[in-house]
Amino acid sequence: MVVNVAISGLPLHRTFSYLCKYAVQIGARVLVDFRGRRTTAYVLETSELPPEGIKLKSVINVIDPEPLINEADVRVAVETSKAFLTPIGKVFDLYFGGHGEFSTIYAVDSTKSETNKRQVLKKWLLSHGVEGARELVSNGFATIESDQKAKSSSRKFSEYVELIASMNEIADLKLGKNQLMVINYLFMKPKEELKVLLARLGIDRKTIESLEKKKLVRLEKIGVSSWIEKKEVTLTDEQLKVKESIEKDINSQHLLLGVTGSGKTEVYFELIEDLISQGRSALLLVPEISLTPQTIARVKGRFPEANVYPYHSNLTKRERAIVWWKAVLGEPRMIIVGTRSALWIPFYKLGIIVIDEEHDESYYQTTEPCYDAAVVAKIKSKIYGIPLILSSATPSLSTYYAAIKGELKLHNLKTRPVGSMPKVKVIDMRRKGPGERIISHELQRVLEATFNTGKVALILAMRKAFANYLACTNCGYIFRCPSCDVGLSYHRSTHTLKCHHCGFVHPVPAVCPLCGSKELKARGYGTERVEYELIKRFPAAKIVRFDRENVTSPAETERLIKDIVEGKSDFVVGTRLISKGLDAPNVNLVAVIDADRNLSIPSFTARESLFQLLVQMSGRSGRRESGISLIQTLEPEDEFFRFVKQNDYEAFAQFELEKRRLFHYPPYTTLIRIVASSSDPFIARKALEDLLDGIPQPGSGVELLGPIEAPIPKLKGEYRFHIMLKLEKELFPEISATIADLMDKIEGAKVKLNCYVNPRSTFP
Ligand SMILES: [Zn+2]
Ligand SMILES: [Zn+2]
């Protein structure tokens with residue numbers, strides 16, 4: 001027979017034919033010789049007759065006598081590759097995520113005798129076959145386990161270092177350089193995970209132990225991962241109505257549009273429950289790894305009978321592989337809570353897909369293979385014939401547009417069952433005195449009131465770090481990243497300069513490298529600076545910083561979130577990370593320090609994302625009782641803030657959609673952005689020019705921008721140019737096929753092409 005295959009790991013859009021003397025099924029992996037190398041390939045199609053006159057190579061070997069992905073999965077991959085112009089072999093790789101190797105995974109088969117119960121999965125699979133194994137697993141006779149029982153339970157503890165001495169006690173002591181670094185660090189963050197602290201400061205455990213002997217710090221072990229949030233819930237009339245209207249047409253695709261705190265979760269939990277009770281599995285996607293602990297805690301509390309697992313890149317490879325095999329072999333009543341990669345788990349019995357906070361940008365994978373998880377979920381739910389629930393208070397405009405056009409069923413939740421919608425106030429930051437540049441007097445007063453009543457305030461700043469860059473006041477020199485065309489941020493707690501794009505870190509220099517002046521000044525501000533201001537103003541307050549600098553490991557995240565939820569902190573300062581579904585009672589103030597900072601981002605979605613951020617952020621306030629939200633801005637008169645104040649998503653959406661229509665942006669057109677990067681700027685630009693030569697000229701339903709420098713023209717040592725094509729939607733299939741062919745020809749060792757179809761942002 002002849003098989004048509006996609007080659008694993010290959011950055012190409014096309015597929016290849018091989019002769020195959022073995023019987024092989026669609027979805028199976030085979031081993032082929034590709035350009036002189038033995039490579040894994042995925043079977044997309046089979047046919048009996050070889051094409052005439054063409055000599056084909058033969059398949060070397062069949063990896064899967066029974067495929068682990070089925071024909072529906074194959075169709076999902078093929079359609080995804082077409083919809084996102086993304087290399088087909090790399091899309092198939094997403095299904096396996098390296099879980100093929102499984103020497104340390106075991107099957108525990110209760111149909112076997114006591115001594116034979118535990119077998120290496122590979123061996124067990126060989127003796128039963130995939131179908132036989134599924135029969136046993138899905139009926140509860142066998143389970144998939146790790147051999148690392150002891151090790152995984154010891155992972156449930158994390159070690160922390162806590163500062164226990166006061167500034168005065170330490171001031172008179174003679175400390176070594178490393179000891180001082182630790183103390184300085186802990187002044188900014190009194191409690192840190194040991195592992196993180198050691199890695200950050202590049203020191204070893206001895207330093208900490210020496211400080212412990214001096215009784216300046218304390219080491220303690222904290223248990224994690226036993227967090228379960230139980231909540232008894234009965235649906236309100238409004239929630240019940242929505243649930244029933246979804247059930248009427250359960251196997252369609254639904255947009256659950258509900259104001260923050262309206263109980264969207266309760267509604268889809270009910271739907272999940274129905275499917276779980278039929279023995280099927282559920283996939284719940286969340287935008288942020290850092291939020292999986294809270295979501296997991298809630299899902300476990302709600303579904304004590306279900307098998308609930310997290311799935312994201314912060315788990316070890318083995319942890320992920322075990323969940324993957326459980327899903328592939330059909331463990332019953334599974335609920336997987338994961339980030340976008342979980343969408344590619346080839347479930348045996350998937351019953352429903354829910355995407356929570358559907359608007360979140362992290363659902364768009366911006367590294368190859370690029371795709372939008374919300375769109376892939378639509379493709380998957382259609383091909384599988386299973387329900388898809390997209391849930392958000394501020395859905396992406398393209399999802400909302402699809403819903404009002406009837407492609408998705410729209411369901412509204414307009415009220416909060418408890419608490420009330422926060423009062424939103426916009427503060428004019430123009431003409432403020434020097435003492436009010438970061439925290440206005442108005443905000444200061446409300447912070448005081450919140451602190452005095454023992455409530456919690458969430459404070460959002462758009463950037464991390466202490467200052468956005470460091471400049472020489474004598475000659476104007478700005479410290480820049482050597483590999484990226486951006487200024488380096490100044491981090492006070494570690495006394496370093498840092499590139500937030502490539503991770504470059506450098507100690508703060510004493511003098512300007514250009515003129516030798518010592519007058520270096522930090523400019524702009526971020527979360528660390530806001531935290532510093534708050535410490536100065538509220539020395540007695542417990543302040544937590546929640547950004548990607550501080551929230552580094554899952555254990556640390558879980559501890560921080562738990563503290564916030566349990567009300568152990570007064571002020572939480574963070575980046576947009578804190579807007580992502582963090583649900584803490586007792587929050588009655590939300591403050592946004594620099595609301596308009598992101599409006600200048602060169603992307604057609606900048607206003608959409610800012611609106612989503614501000615509404616989501618405000619929505620953290622008043623979950624249990626009344627709350628307020630204060631937004632500081634330099635552009636208070638922009639009508640944009642009118643919609644924010646009224647918390648009116650649909651009015652904003654219609655206003656913004658009208659602009660998209662006028663300027664031919666998605667969802668009215670299909671936007672294709674192609675970024676070329678190369679160590680040589682001329683090669684990068686030339687690649688795009690060559691590509692454009694092969695595409696029908698603008699004017700016939702195609703608008704073109706570029707090639708021009710990308711918003712950040714140099715990143716990680718590569719020069720970047722981009723083009724943007726806006727196409728009438730009907731033209732997409734034909735033009736995208738042409739582009740795919742051209743990309744296969746142009747891309748090479750010297751230039752990398754990245755293609756984004758309807759991206760959620762065109763930055764950087
Ligand atoms: Zn200088
Ligand atoms: Zn950099």
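Each ligand, and each atom within it, is numbered from 1 in the order the structure gives.
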Discussion item. I'd like to know if Arg685 and Asp690 make a salt bridge, using a cut-off of under 4.0 Å between side-chain N and carboxylate O.
Written reply: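 The answer is no: the pair does not qualify as a salt bridge.
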Practice prompt. Using a cut-off of strictly less than 2.8 Å, determine whether Cys484 has an N/O/S atom near the Zn ion (ligand 2).
Written response: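 Yes - counting backbone and side chain alike, Cys484 has an N, O or S atom under 2.8 Å.
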Discussion item. Please determine whether His500 has a backbone or side-chain N, O or S atom lying under 2.8 Å from the Zn ion (ligand 2).
Written reply: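 Short answer: no, not a single N, O or S atom is under the cut-off.
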Item to complete: May I have the angle between Cys481 SG and Cys499 SG with its vertex at the Zn ion (ligand 2), rounded to 10°?
Response: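 Vertex at the Zn ion (ligand 2): approximately 110°.
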Discussion item. Around atom CZ of Arg430, are there more than 12 heavy atoms from other residues, nucleotides or ligands closer than 6.0 Å?
Written reply: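 Yes, enclosed.
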Item to complete: Determine, step by step, whether Ser396 and Glu608 satisfy the side chain to side chain donor-acceptor pair (under 3.5 Å) criterion, reporting the C-alpha distance in whole Å, the side-chain angles of both residues, the deciding distance to 0.1 Å, and the verdict.
Response: CA-CA 8 Å; Ser396 70; Glu608 177 185 352; 4.8 Å; no
Practice prompt. Go through the structure and list residues passing salt bridge (charged side-chain N to carboxylate O under 4.0 Å, His left out) with Glu162, not counting sequence neighbours.
Written response: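 With sequence neighbours excluded, Glu162 shows a salt bridge (charged side-chain N to carboxylate O under 4.0 Å, His left out) to Arg218, given in chain and number order.
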Fill in: SG (Cys472) - the Zn ion (ligand 1) - SG (Cys475) angle, nearest 10°
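Between SG of Cys472 and SG of Cys475, at the Zn ion (ligand 1), the angle is about 110°.
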Practice prompt. Calculate the angle formed at the Zn ion (ligand 1) by SG in Cys512 and SG in Cys515; 10° precision is enough.
Written response: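 Once rounded, the angle between the two atoms at the Zn ion (ligand 1) is 110°.
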Worksheet entry | Modelled atom types, side-chain donor and acceptor of Ser678 and Asp680, under 3.5 Å |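 Per modelled atom types, Ser678 and Asp680 side chains form no pair under 3.5 Å.
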